[in-house]
Amino acid sequence: MRRPVDARPGEAAPALWAFASFFSLLAGYYVLRSLREEMGIRGGVDNLPWNFTATFGLMLVAVPIYSRLVARVPRARAVPLVYRFFLVTLLVFWTLFRAGVAPAPLARAFFVWVSVYGLFVVSVFWSLLVDLFTTDQGKRLFGFVAAGGSAGAIAGPLCVELVVGLVGVANLVLVSAALLELSTQAMVRIIRWSRWSGAGEARAADARAAGGSDTEGAALGGSAWSGVVLVFRDRYLLGIAGQMLLFTLGSTLLYFQVAHLVAASGLDSASRTRLFARVDLAVNVAALLTGSLATGRIVSRLGLGAALALVPALTAGGFAIAAGWPTFWVLAAFQALRRAASYAVERPAREVLYTVVTREERYKSKAFVDTVVYRAGDAGSAWLARGLTAAGMGVAGSLLFAVPVGLAGVGLALWLAREGRRRELPGRPEGSA
C-alpha cells in the first residue's frame, strides 16, 4: 500500500478496515438509492420539494437525538449503536414491503427515510475516522478510504442491475441490511485498533490541547443542541456549513433539471430504475479510477485548497457549458463528472478540515452540518428550482443561476484551507496517531 497510498508502518491495517467498512456501507446504500430515485419520479417531480422538506424536518428531529446519544454514551458504543438502529429500520421496511402495506404512502416514507439514512450513516462513519486519524494521516489515507466507498458504490448499482429480477425489490432491502451489518463489523475492528495502538489516547490529548476536556472512551457530555451552538460560534465551522450549502445548491438545481428530463422521456418504471442505477454506476467507476486512489497524492502535492476548490470550479464551468446545450446526456454527463470529483477528491479533502477541531465538534457539529445543513440546502434549493421554473427562467436560465454559486465556492474553499492550516496543532510527530 505504501506506493499508491503513502501508508506508513502500522497504518495499513486500520486503512484496510476503513476501506472495507466504507465499501460495505455504500454498497448497501446504493442498493437502495436507485429505488429511492424511482419512487421520487413515480410520486411526481412537482412533489419533490415536499419530499426534500419532509427530509429536512426529520433531520431536525434526528440530529438532537443523535447528539444526546453521543453526549451520554461512549463513542465506541454509540457509533455501532446508530448503525444497528438503522439496521432494524431496514428490516421493518423489508417486512412492510413484503406485506404490501399501503404502497403509495410507504413509497414516500421510503424516499424520505433513505435520504436521511444515506447522509447520517456516512457522516457518522467519517466522524469516527477523523476522531481516530491525525491531520497528516487524513491527508494521506482518506483518499484510499474514499476509494472503498467508490468501489462499494459500484457494487450497489451492479447488484440492482443483476439481481433485482431474481430476488425482487423487497429483498434488495434485505441485501442492504446485510451489507450494513458487515460495515458495522469492520467499524468495530477500527475501534479495537484505536484502543490497541493508542491512537485514541493521542487524539484525546489533541482534543485537550485544542480546548476540549474529553478523555478517550468517554461520552462527550454537553446538551443535544451544543453541536449547533458550536457551529454558529465558530467562523471556521460556519465556513464549512457555507461550503456545504453552496455544494447542495448546485447539486439540487442539477438534479431537478435531470429529473424533469427523465420524467418527460416516456420510459417505464423499470427502465427509469435501471437508468438511475447506470448513472450511479458510471459516476462511481469514474470516481474510483480517476481520483480516489490518488487523492492523498493530490492533497499532498497541490494542497488542501486546490482539492477543496476543484468541485466549485467544475460547478461554475460546467453549469455555464450545460446552459448552452441543456440536453439530457449533457446534463447527465456533467452530473456524473461533478459527483465523481466530489466523491474522489472534494469529500475526503473536506473531512480533513474536521481533524483540527475538538472531539465534540467532530461528532455533534459535523453531524449537524452533514445532515441538517445539507438537507436544508436541498429543501431550499428544491423550492428555488421550482420558483425559477415558475418564473419562466427555463432550463438554460436555471443553470446559469448556479455559475456564481460555484465561483463563491472556490473562494470559500481557499479560505477554509488557509484557516485549517492555521489551526493545525503544533508539535505533533508526522504520521503519529
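- In this structure, the separation between OG on S150 and CZ on F22 is 7.5 Å, given to the nearest 0.5 Å.
- Using a 4.5 Å heavy-atom threshold, the side chains of S176 and L90 count as touching.
- Using a 4.5 Å heavy-atom cutoff, the side chains of M59 and V372 are in contact.
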Can you check side chain to side chain contact (heavy atoms under 4.5 Å, CB included) on L128 and M187, steps first, answer last? CA-CA 9 Å; L128 180 69; M187 182 173 286; 3.3 Å; yes
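- The shortest distance between side-chain heavy atoms of V114 and Y29 falls below 4.5 Å.
- Y30 approaches P157 most closely through the heavy-atom pair CB-CD, 3.7 Å.
- Side-chain atoms of Y83 come within 3.5 Å of backbone atoms of V121 as a donor-acceptor pair (strictly under, hydrogens ignored).
- The heavy-atom pair separating L353 from L304 by the smallest distance is CD2-CD2, 3.8 Å.
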Intermediate values then yes/no, side chain to side chain contact (heavy atoms under 4.5 Å, CB included), Y354 and I240: CA-CA 9 Å; Y354 287 101; I240 298 175; 3.2 Å; yes
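- Shortest non-hydrogen contact noted between F125 and A18 is CZ-O, 3.6 Å.
- Looking at T315 and F247, their side chains never come closer than 4.5 Å, going by heavy atoms from C-beta outward.
- Minimum interatomic distance between A341 and L314 (heavy atoms only, all atoms of both residues): CB-CD2, 4.1 Å.
- Going from atom CG of L81 over to atom CZ of F85 covers 9.5 Å, rounded to the nearest 0.5 Å.
- Here the closest non-hydrogen pair linking F334 and A322 is CD2-CB, 4.5 Å.
- Here T355 contributes atom OG1 and R423 contributes atom CZ; the two are 12.0 Å apart, rounded to the nearest 0.5 Å.
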Hey, mind stepping through D234 and E361 against side chain to side chain contact (heavy atoms under 4.5 Å, CB included) and telling me if it holds? CA-CA 10 Å; D234 188 337; E361 290 167 337; 4.0 Å; yes
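- One finds the CG atom of L412 at 7.5 Å from the CH2 atom of W415 (value rounded to the nearest 0.5 Å).
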Check the pair L237 / V369 against side chain to side chain contact (heavy atoms under 4.5 Å, CB included), numbers first and verdict last. CA-CA 9 Å; L237 293 174; V369 172; 5.8 Å; no
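- The shortest side-chain heavy-atom distance between C159 and V175 falls under the 4.5 Å cut-off.
- The closest donor-acceptor contact from the side chain of S24 to the backbone of L180 lies at 3.5 Å or more, if one exists at all.
- Under 3.5 Å, the side chains of R338 and S251 contain a donor-acceptor pair of N or O atoms.
- Of the residues listed (V229, V231, D370), the one engaging S365 in a side-chain contact (heavy atoms from CB on, under 4.5 Å) is V231, and it is the only one.
- Proximity of F86 to V124: side-chain heavy atoms (C-beta onward) are nowhere separated by under 4.5 Å.
- Residues Q243 and L416 are in side-chain contact: their nearest non-hydrogen atoms beyond the backbone lie under 4.5 Å apart.
- To the nearest 0.5 Å, atom CG of residue L230 and atom CZ of residue R233 are 7.0 Å apart.
- S21 places no side-chain N or O within 3.5 Å of a backbone atom of W17 that could act as its donor or acceptor partner.
- Heavy-atom minimum distance, A155 versus A27: CB-CB, 4.3 Å.
- Note that the CH2 atom of W113 and the CG atom of L32 stand 6.0 Å from one another [nearest 0.5 Å].
- L182 places none of its side-chain heavy atoms less than 4.5 Å from the side chain of F23.
- With a 6.0 Å radius and a threshold of 12 heavy atoms from other residues, nucleotides or ligands, F401 has its CZ atom at or below the threshold.
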